[in-house]
Amino acid sequence: MNGIHDLGGMHGLGAIRPEADEPVFHEDWERRVFGVFIASFAGGQFNVDEFRHAIERMDPAHYLESSYYEHWLTAVETLLVEKGVLTRAELEARRVKLAKGAV
Amino acid sequence: MSKHHHNRPLTEVELRVKALESLLTEKGLIDPAAVDEIIETYEHKVGPRNGAKVVARAWVDPDYKQRLLTEGTEAIAELGFSGIQGEDMVVVENTDRVHNLVVCTLCSCYPWPTLGLPPVWYKSAPYRARAVSDPRGVLQEFGVDLPPATEVRVWDSNAELRYLVLPKRPAGTEGMSEDQLASLVTRDSMIGVGLPRSPNA
Amino acid sequence: MPALTKDMVPGLVAAGGSCRVEAEVAAKFAPGDRIVVRNLNPTGHTRLPRYVRGKQGVVEHDHGVFVFPDTSAHGGGQKPQHVYSVKFAAQELWGAEAPSRDHLYLDLWDDYLERA
């Protein structure tokens, strides 16, 4: 698709900003997303092309504003719901439950 | 494994991740111990020191270098590096006349077995947009000044081939051991946005 | 498929999962061929960036036969075909202001290309 991800040659996106001594993961949730993605992929839940396309289908503004591993999280959620492995309702209910239980 | 105690409410993203992982675990679709092992592997066991060993070997062994440039996957596997996101490798050589730069404009494809996981800047919009259309500007931003007659070759990793740059061996490194040479090889030099360190730098 | 277990991880990491396909598929092009990239604009998944569509290049190398992502992403099967390293002049892609000696290389599937 001619989506927001197809960035080659685009102007106006600003400076490249390398971080010195950058850690592999910046947050614990990024670690978990990475591991869950690999485990789900290895478990045959989706293929790499479906995964990439799920990222490409993100809302363009959300794509540009969100961090890399949030792309992965969004794609995995999208694919598992589309494939009937999970429902949006289940995910939302679990989030609500976790939000109440944490703090 | 101890969970660290949250003194603050979880963010929306953190809640989404915990919801996803806990549901998949309950449904028996993922095993948290496997997830932990995957994280441990890519956070601590795989990284650019692997690629540096490949480069150092190529610098000291001309036959190995030839194999590396013609059958990259197999040559890299000789040193024990292989697998996810490195199944089909192409190694491209920097020379006095050619400088190579690697990007994935469409997402973030990167040779994990030799370089580990990519840095944020490599996966972000500014690099992905400009590496193909203004590689010399990108190199300047990284502090790399090329002689004017150099040809720049940009490799956009849009398929399943993964690219590793073989940097030029720095001057003044005659007689150095492979380990010493490997210590000069930076991650950025194997992407093409940097040059290897000079000895005694 | 059963869930991945901890002891399966090292083997998985080391083996990976190549998208190469063991299939006898005829190559439409050979190194040295001048090609033009087709002006394809699928609404589904593709690995053909917009910046190279309609551009002329030269086939440098045949990587062999791989899964075709444009079909694989949509349950349309592997449609295995050759992938080529194709060389483009920077000026071909970005105009006369681009450095005359620079080049870009992309890996393009048979279905993305036609003879120039």
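Chain letters run A, B, ... following the sequence lines, proteins first, then strands; residues in each count from 1.
- With chain B as the partner, the residue from A:A93, A:A39, A:A42, A:P18 showing the most heavy-atom pairs under 4.5 Å is A:P18.
- Closest heavy-atom contact between B:S133 and A:G9: OG-CA, 3.7 Å.
- When atom types are taken as modelled, the side chain of A:R31 and the backbone of B:E40 share no donor-acceptor pair closer than 3.5 angstrom.
- Using a 4.5 Å cut-off on side-chain heavy atoms (C-beta onward), A:L91 and B:R16 make no contact.
- At distances below 3.5 Å, at least one donor-acceptor pair connects side-chain atoms of A:E22 with backbone N or O atoms of B:V120.
- Only the side chain of B:E141 comes within contact range of chain A, with at least one heavy atom under 4.5 Å from a heavy atom of that chain.
- Interatomic distance, A:I55 CD1 to B:C107 SG, rounded to the nearest 0.5 Å: 7.0 Å.
- Residue B:T105 touches chain A through both its backbone and its side chain, counting heavy-atom pairs closer than 4.5 Å.
- A:H71 does not touch chain B: none of its heavy atoms, backbone or side chain, sits under 4.5 Å away.
- Between chain B and the residues A:R17, A:H11, A:E70, A:E19, the most heavy-atom pairs under 4.5 angstrom are made by A:E70.
- Heavy-atom pairs under 4.5 Å with chain A were tallied for B:D188, B:L24, B:V138; the largest tally goes to B:L24.
- Across A:L80, A:T74, A:L73, the residue that shares the most heavy-atom pairs under 4.5 angstrom with chain B is A:L73.
- Side chains of A:Y69 and B:K123 form a contact here, defined as non-hydrogen atoms less than 4.5 Å apart.
- Pairing each heavy atom of A:S40 with each of B:I30, the nearest pair is OG-CG2, 4.0 Å.
- Residues B:S108 and A:R52 have side chains not in contact (no heavy-atom distance under 4.5 Å, counting atoms from C-beta outward).
- Listed by chain and number, the residues in a ring-ring contact (aromatic ring centres under 6.0 Å, His included) with B:Y122 are B:Y110, B:Y127 (sequence neighbours excluded).
- The part of B:L117 that comes within reach of chain A is its side chain, from C-beta onward, which places non-hydrogen atoms under 4.5 angstrom from that chain.
- A:R95 and B:L15 get closest at one heavy-atom pair: CG-O, 3.7 Å.
- The parts of B:S22 that come within reach of chain A are both its backbone and its side chain, each placing non-hydrogen atoms under 4.5 angstrom from that chain.
- At a heavy-atom cut-off of under 4.5 Å, chain B is reached by A:Y63, A:L64, A:Y68 from residues 58-68 of chain A, listed in order of number.
- Shown here for B:E26 and A:R94, the closest heavy-atom pair between the two residues is OE2-NH1, 2.7 Å.
- Between A:W29 and B:L10, the closest side-chain pair of non-hydrogen atoms is not below 4.5 Å.
- Considering only heavy atoms from C-beta on, B:R130 stays 4.5 Å or farther from A:L7 through its side chain.
- Considering only heavy-atom pairs separated by less than 4.5 Å from chain B, the leading option among A:G44, A:G43, A:G14, A:P23 is A:G14.
- For the pair B:K18 and A:K97, the minimum side-chain heavy-atom distance is 4.5 Å or more.
- Residue B:R97 places its CZ atom among 12 or fewer non-hydrogen atoms of other residues, nucleotides or ligands, all under 6.0 Å distant.
- At a 4.5 Å heavy-atom cutoff, A:E92 makes no contact with chain B through either its backbone or its side chain.
- Contact tally against chain B (heavy-atom pairs below 4.5 Å) for A:D6, A:L86, A:V33, A:V96: the top residue is A:L86.
- In this structure, A:H5 NE2 and B:C104 SG are separated by 9.5 Å, a value rounded to the nearest 0.5 Å.
- Residue B:V132 comes nearest to A:G8 through the heavy atom pair CG2-CA, 3.7 Å, listed as atom of the first residue, atom of the second, then distance.
- Using the six-membered ring where Trp is involved, B:W112 and A:F34 have ring planes that are tilted, between 30° and 60° apart.
- Neither the backbone nor the side chain of B:E37 comes within contact range of chain A, judged by heavy atoms closer than 4.5 Å.
- For B:A34, no part sits under 4.5 Å from any heavy atom of chain A, backbone or side chain.
- Proximity of B:I39 to A:R32: side-chain heavy atoms (C-beta onward) are separated by under 4.5 Å at one or more points.
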